[in-house]
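Positions are given from 1 along the sequence.
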Amino acid sequence: MAKASDKHQILALQMMRAFVEEFNRELPPKYISKQRRVVVTFRDKQLKSMFEHSLQAMRSAIGGLSTPDNAGTKSMILSQALLVQRDCLAFDFIGLAPDDSSDDAVAIQIPSTWKDLIQVDNFLDPYFDGYKHCSSPVSSQFIDVLVMIASIRRSFYMESVRSNFVKRMSAGIVEILSNGLGLEDVENYHHMYRLLARFRCIHTLVEIEDSPVYRELLSSVASFSMTGLTLYEWSPNSIAPLLTFWSKVASTHDSRDNSNADIAGDLISSTLPEIVREYLRSMILVTMRVVTAESMADSPLENIDAMVDNMALVANIARSQYDTCAPVVLDIFREMAGKYQALLNSGQASEEAVVVIESQLAWPVYAVAQCINARQPYKSLPEDDRHDAEMFATGLELDRLVQQRIQSNIAAPPNEALELAFLQLYQCFRTSYIGEQNYKTTAVYAKLSSFVGLNDSASVLELILQKVLFNFRTWQSQSQVIQRSLQLFHDMSVGYVSVRQVAKLDTIKFLLANHSSDQFQFLRSVDEYKQRSMYYAGLARILFTGDTPPAQFAGFMRPWAQIIDELLGLSDAQLAQDAVRPGLVRILRDLRGFLSAISSKANYTMFFEWISAGRMRLVHRSLQVS
């Protein structure tokens, strides 16, 4: 191949890529066994040689870039060679399932027989040289392949080789970041963050902690990150790998160990709070620009799952150094809450202004929620729990203020993003401090008592239930707020300890006696039947906690008995009318949800005796007229 013309080299590389893609293509499950045998044969006999040929083509083409006449052709060779390398490294070496997303799946399980190709001196030099001398899109392909190389399993390298590899990779990254080489291109910029995240995920960097390059690397990445956090609108997908890098750095950093100062611990300690602060301020600013239509970017609050994942990374960063990061979150929270209070007190709060600031407030609320959720009981100190209590109390005060605003005459609808953030806050606090495990959390409730008068877990659960019922009365059934509120209610009704705590609350006793309240918006809906089933399944679990007195059971079933008696009083013609059908479906859905949560013979017998007392005829007649 080295003696072939440039055109033939390009054609050969394209054919290699086609072979690799074909053998790595996923087939239906019934062919998986036969396919795997063929794939293993191809992997063992052909894949390594294709990777070797692409390496040779790349090195040869880089040498020809200095000749202007051949630059265009050499760039095409480079592009095709890098595509082959990327596909070879992305090959399914060990037959992982496509949906396997564990950390082991991230590491490339390259065979040990490839060591003679990769564990050589100056293996990385052509990639960094090619990146510096090529323009996009070839430059982004170089760094994309570097991402794959950084993902090779750590055990692939011998200890001495691994140390040299980590040092050379770190030095190459430092050179690019320090000089800003090619980072004005969005693809190069994004792949650089991917490289940082994958490099740090696979390699602990323990090999270079005593080397000056370690501090240079962290310093360069810190400066790069401060800028990157302000560029969400330019490259929104780069935020996650950026936060992943610092989350991994934070996970091995102990801010309470003074000896870390010798291995850039002081630099990490000063950087982590700034990462938290800059991320929150950037997202708050972007949200304002998106809501006011100053920016055409997608709102970061729209994709809740991705946003929560990013915030979880921020929380891991904050938790590693909670004594300095928690005040950062709290200061931003109080600053935004103060602006909100001032706006409401001004008497000139327009709908747009309220929508903007309530959308912005979702960020500090989510930050507090995830910081509490990231708590690890065996590592958490009393002062960490006090920080949690102070932040949670601040969130409660804001929630009360928002509820007052909703019930006031300010013409602005409730903000869905903020309400979802509050639900996340309550869910995270309940999981961390009121779960099935009986943690010793006296520091939390002592602080909560001084701030908002909540003395124990029962008072917090009471507050959470009141929030859920407020949402049931305020929001339409199609809203995500109702779905998340029902999910929170469901979670509180499962678990041996949790359901018994909930069953003792005054709010739940009132709800059991008034469960079909017309005040609940979603119970009036004729479409969202699954929500009704979920709601009544939760009530059934709470009702049947312990021994349920027959009188309490009869009182709970009384509204349904009245509805069934009214329906049974109709003729078959009336029962078949379209106007009656929604009510019929609602009562059957409610009973289905209720019955699905019954798990004991005694409770099932109680229900069976109730429905068999003439009420089963409604089901028979419904089947006849349907």
Side-chain angles (χ1 to χ4, degrees), residues 243 246-261 263-281 311-338 363-399 424-435 437-461 463-464:
L243 295 174
W246 286 108
S247 178
K248 290 294 183 181
V249 170
S251 66
T252 56
H253 169 67
D254 186 354
S255 62
R256 300 180 176 93
D257 185 359
N258 294 328
S259 64
N260 281 329
I263 52 173
D266 57 331
L267 178 59
I268 297 173
S269 296
S270 62
T271 301
L272 296 184
E274 294 303 314
I275 294 291
V276 175
R277 177 183 289 107
E278 198 60 42
Y279 175 77
L280 290 178
R281 292 200 180 280
M311 196 62 78
L313 294 172
V314 174
N316 290 336
I317 295 171
R319 273 284 175 180
S320 70
Q321 196 168 301
Y322 216 36
D323 54 339
T324 56
C325 291
V328 169
V329 176
L330 194 56
D331 287 346
I332 294 175
F333 199 152
R334 286 173 172 165
E335 178 187 343
M336 294 302 302
W363 288 103
V365 175
Y366 271 119
V368 168
Q370 291 304 313
C371 283
I372 294 175
N373 192 54
R375 175 182 181 270
Q376 295 177 325
Y378 62 91
K379 293 177 64 176
S380 183
L381 300 177
E383 52 265 32
D384 295 340
D385 291 348
R386 293 189 187 99
H387 284 308
D388 284 348
E390 190 171 2
M391 291 193 293
F392 184 64
T394 306
L396 295 182
E397 292 171 352
L398 177 63
D399 190 15
Q424 186 80 9
L425 174 62
Y426 291 125
Q427 181 73 288
C428 291
F429 187 88
R430 189 192 69 83
T431 302
S432 294
Y433 287 102
I434 324 176
Q437 304 294 331
N438 292 321
Y439 302 133
K440 296 180 180 180
T441 55
T442 54
V444 167
Y445 294 110
K447 200 73 173 178
L448 279 177
S449 177
S450 64
F451 279 118
V452 289
L454 299 176
N455 301 316
D456 51 24
S457 59
S459 57
V460 176
L461 286 173
L463 187 69
I464 294 174

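- Atoms CD1 and CZ, on Ile332 and Arg281 in that order, are 4.5 Å from each other to the nearest 0.5 Å.
- Side-chain contact annotation: Ser269 with Asp266, donor-acceptor N/O pair under 3.5 Å absent.
- Looking only at distances, no side-chain donor or acceptor of Ser449 sits under 3.5 Å from a matching main-chain atom of Ala446.
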- Query: Can you list the steps and then say if Tyr433 with Asp385 is a side chain to side chain contact (heavy atoms under 4.5 Å, CB included)?
  - Reply: CA-CA 10 Å; Tyr433 287 102; Asp385 291 348; 3.1 Å; yes
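- Of the charged side-chain nitrogens involved, at least one lies within less than 4.0 Å of a carboxylate oxygen, so that Arg277 and Glu274 count as a salt-bridged pair.
- Separation of atoms CD1 (Ile372) and OG1 (Thr431) is listed at 10.5 Å; rounding is to 0.5 Å.
- If you take OG on Ser457 and CD1 on Ile434, they are separated by 5.5 Å, rounding to the nearest 0.5 Å.
- Across Asn316 and Ala250, no two heavy atoms sit closer than the pair O-CB, 4.4 Å.
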- Candidate pair Ser380 and Arg319, rule side chain to side chain contact (heavy atoms under 4.5 Å, CB included), full reasoning: CA-CA 9 Å; Ser380 183; Arg319 273 284 175 180; 4.1 Å; yes
- Message: Between Arg334 and Glu390, is the salt bridge (Lys or Arg N to Asp or Glu O under 4.0 Å) condition met? List the steps.
- Response: CA-CA 11 Å; Arg334 286 173 172 165; Glu390 190 171 2; 2.8 Å; yes
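- Side-chain atoms of Thr271 come within 3.5 Å of backbone N or O of Leu267 as a donor-acceptor pair.
- Using a 4.5 Å cut-off on side-chain heavy atoms (C-beta onward), Tyr322 and Asp388 make contact.
- In this structure the side chain of Tyr426 reaches within 4.5 angstrom of the side chain of Leu396, judged on heavy atoms.
- Using a 4.5 Å cut-off on side-chain heavy atoms (C-beta onward), His387 and Val368 make no contact.
- Atom CD of Gln424 is separated from atom CD of Gln370 by 5.0 Å, given to the nearest 0.5 angstrom.
- When every heavy atom of Phe333 is checked against every heavy atom of Gly395, the shortest pair comes out as CZ-CA, 3.7 Å.
- One finds the CG atom of Leu330 at 4.5 Å from the OG1 atom of Thr394 (value rounded to the nearest 0.5 Å).
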- Item | Intermediate values then yes/no, side chain to side chain contact (heavy atoms under 4.5 Å, CB included), Val460 and Tyr445 | CA-CA 9 Å; Val460 176; Tyr445 294 110; 3.9 Å; yes
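- The distance from atom OG of Ser247 to atom CD1 of Ile275, rounded to the nearest 0.5 Å, is 11.5 Å.
- Closest heavy-atom contact between Asp384 and Lys379: OD2-O, 4.4 Å.
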- Task: Please lay out, stage by stage, how Ile317 and Val249 fare under the test side chain to side chain contact (heavy atoms under 4.5 Å, CB included).
- Result: CA-CA 8 Å; Ile317 295 171; Val249 170; over 6 Å; no
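- Looking only at side-chain heavy atoms (C-beta outward), Val276 and Pro273 stay at 4.5 Å or farther from each other.
- Below 30°, between 30° and 60°, or above 60°: for Phe392 and Phe429 the angle between ring planes is below 30°, a parallel geometry.
- Of all heavy-atom pairs between Ala389 and Lys447, the closest is CB-CB, 3.5 Å.
- Residues Ala318 and Cys371 come closest through the heavy atom pair CB-SG, 4.0 Å.
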